[in-house]
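When a ligand or atom number is given, it counts from 1 through the structure's own listing order. Quick caveat: nothing in here was measured; it's all calculated off a predicted structure.
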Amino acid sequence: MYRNFSIVPKIMFGRGSFNQLADVLAPERVTPDSYVVFVLDDVFIGKPLEGRIPLEKGDLLIHVNVDDEPKTSYIDALVEQIRKYNPVVPDGIVGIGGGSTMDIAKAISLLLKNPGSSADYQGWDLIENPSVYHLGVPTLAGTGAEISRTTILTGPEKKLGINSDYTIYHQLILDPDLIVDVPKEQWFYTGMDCYIHDVESLHGTFINEFSRSFGEKSIDLCRQVFLEDHPDKDDKLMMASYFGGMSIAYSQVGACHALSYGLSYVLGIHHGIGCCIAFDVLEEIYPEGVAEFRKMMDKHDITLPKNITADMSDDAIELMVTTALNLVPLWENCFGADWEKIMPRERCKKLFLRM
Ligand code: NAD
Ligand code: ZN
């Protein structure tokens, strides 16, 4: 069976395009007494970007904190806050930030139209009602969250996305000027998330020409960004992220992402850096990708944390192994149907012990 998947219908790209946000929102402001909710990463409090948000009378600006990756309890509290502010359903939600903030805005737009807790919808196609119109503005490039049909949430029982066609943004504004000042380490880790999406997609068993077309362009852009010196590297990374997201949408990620979920679930390690830590021990599985990744680290003088699993109890390590191995489609993509023979628990554990 072929999947029939939706993509973001409207996209604006270019330096300074954020200035057109008010014009883009204007036709969406249709309901009397309604309003728009702007969900802004709190790293921008008091920064020029905050002052450029086109707030109109009645609009709500929420600062979100992403020191921890988004939790279902946080989403539920934000939805409650919006309903208390104004019981009328907003005409739009605008998410401005990195992958975490973009995911928070997606989840809010779904939960404003679907009853209960966000934890009830972690899984595939559990959402029944279309979301509120939502618009994404990335301020980091790499995750592909701007284009994906998921919002990744940590719930009381699991870390799992709300995957649905309604999760997808209605509109993106991709303004490379917004990633110009990202600190080097964060720029690198989130950018490598994209590079790793490409390697895992291109070297997976699920690969097809659709995914290859996007993945090859994305990895080419990553090479230009991280191995060469380009004046328009921010434009390139933004497009690499978008294409990388398109590539995995019709294939899958692989071993590195499976391991990084273990790191994230048990140790709370963020997605980008977690992927880098995991990728660095995967030279047997992705030899060329890991060699090139290390060149990129050298060029940008990046040092990864070491021995992060050294002081962990055996139970905690086993939980990481279980979390990683539960992600069956990722392993199938990596090794094929016989993956369990190729990646038994013991081998997976050894990989974690090398991190
Ligand atoms: P992030 O959104 O977690 O942000 C990382 C840090 O960078 C935060 O401290 C944030 O405040 C800061 N930041 C954001 N923009 C900045 C800017 N312009 N300048 C300076 N600092 C800035 O990082 P991320 O790597 O973009 O996203 C990771 C998150 O994305 C995780 O929660 C992960 O689960 C999620 N994710 C989602 C998808 C998806 O398809 N939905 C895919 C991959 C990852
Ligand atoms: Zn990723």
Side-chain angles (χ1 to χ4, degrees), residues 5 7-8 18 39-45 47-50 63-72 74-75 95-107 110 122 134 136-155 159-164 167-169 172 175-201 218 234 237-238 240-242 244-249 252-261 263-265 268-279 327 330:
F5 77 93
I7 55 174
V8 175
F18 185 75
V39 177
L40 178 70
D41 187 318
D42 67 4
V43 77
F44 294 110
I45 291 179
K47 298 276 163 60
L49 182 65
E50 182 174 30
H63 299 118
V64 289
N65 183 275
V66 298
D67 290 348
D68 290 330
E69 292 190 346
K71 294 195 171 65
T72 53
Y74 192 39
I75 302 300
I96 308 170
S100 297
T101 305
M102 286 192 284
D103 275 0
I104 291 171
K106 285 175 170 181
L110 292 167
Q122 286 180 282
H134 51 301
V137 184
T139 65
L140 291 174
T143 62
E146 64 277 21
I147 171 76
S148 76
R149 76 190 290 277
T150 190
T151 160
I152 300 176
L153 302 176
T154 304
K159 181 175 178 184
L160 183 62
I162 302 181
N163 297 266
S164 81
T167 310
I168 295 169
Y169 275 112
L172 295 176
D175 182 345
D177 272 348
L178 303 185
I179 64 169
V180 169
D181 296 326
V182 177
K184 185 184 75 176
E185 267 76 18
Q186 187 64 55
W187 168 79
F188 186 84
Y189 296 142
T190 302
M192 283 304 109
D193 187 18
C194 174
Y195 177 77
I196 295 165
H197 290 162
D198 300 335
V199 171
E200 293 188 307
S201 173
S218 178
D234 302 315
L237 188 54
M238 219 156 222
S241 175
Y242 176 85
M246 286 297 288
S247 180
I248 49 175
Q252 187 47 278
V253 286
C256 177
H257 273 72
L259 297 177
S260 87
Y261 267 63
L263 293 176
S264 156
Y265 190 68
I269 294 179
H270 278 233
H271 187 80
I273 188 169
C275 285
C276 289
I277 292 169
F279 201 54
L327 295 160
L330 282 64

(request) Locate the shortest heavy-atom distance separating Trp187 from Val182; write the atom from each residue and the value. (result) N-CG1, 3.6 Å
(message) Please output the residues near ligand 1 using a strict heavy-atom distance under 4.0 Å, listed in chain and residue-number order.
(response) Asp41, Val43, Phe44, Val66, Glu69, Pro70, Gly98, Gly99, Ser100, Asp103, Lys106, Thr139, Leu140, Thr143, Ala145, Ser148, Thr150, Ile152, Leu178, Val182, Pro183, Gln186, Thr190, Asp193, His270, His271
(message) Checking side-chain contact (heavy atoms from CB on, under 4.5 Å) between Thr139 and each of Leu40, Ile96, Thr101, Val43, which is the one that passes?
(response) Ile96
(request) Take the Zn ion (ligand 2) as the centre and count protein N, O or S atoms at distances under 2.8 Å. (result) 4
(request) Could you tell me whether the side chain of Asp68 reaches within less than 4.5 Å of the side chain of Thr154, counting heavy atoms only? (result) no
(request) Please step through side-chain contact (heavy atoms from CB on, under 4.5 Å) for the pair Tyr74 and Val64, ending with a clear verdict. (result) CA-CA 9 Å; Tyr74 192 39; Val64 289; 3.6 Å; yes
(request) Check step by step if side-chain contact (heavy atoms from CB on, under 4.5 Å) holds for Cys275 and Met192. (result) CA-CA 8 Å; Cys275 285; Met192 283 304 109; over 6 Å; no
(request) Using atom types as modelled and distance alone, determine if a side-chain donor or acceptor of Ser241 lies under 3.5 Å from a backbone N or O of Gly144. (result) yes
(request) Could you tell me which residues satisfy side-chain contact (heavy atoms from CB on, under 4.5 Å) with Leu153, sequence neighbours excluded, listed by chain and number? (result) Pro70, Thr72, Ile75, Ala107, Ser118, Gln122, Thr151, Ile162
(request) List for me each residue that meets ring pair (Phe, Tyr, Trp, His ring centres under 6.0 Å) alongside His257, sequence neighbours excluded, and say none if there are none. (result) His197, His271
(request) Check whether any side-chain heavy atom of Val137 sits under 4.5 Å from a side-chain heavy atom of Phe18, and report yes or no. (result) yes
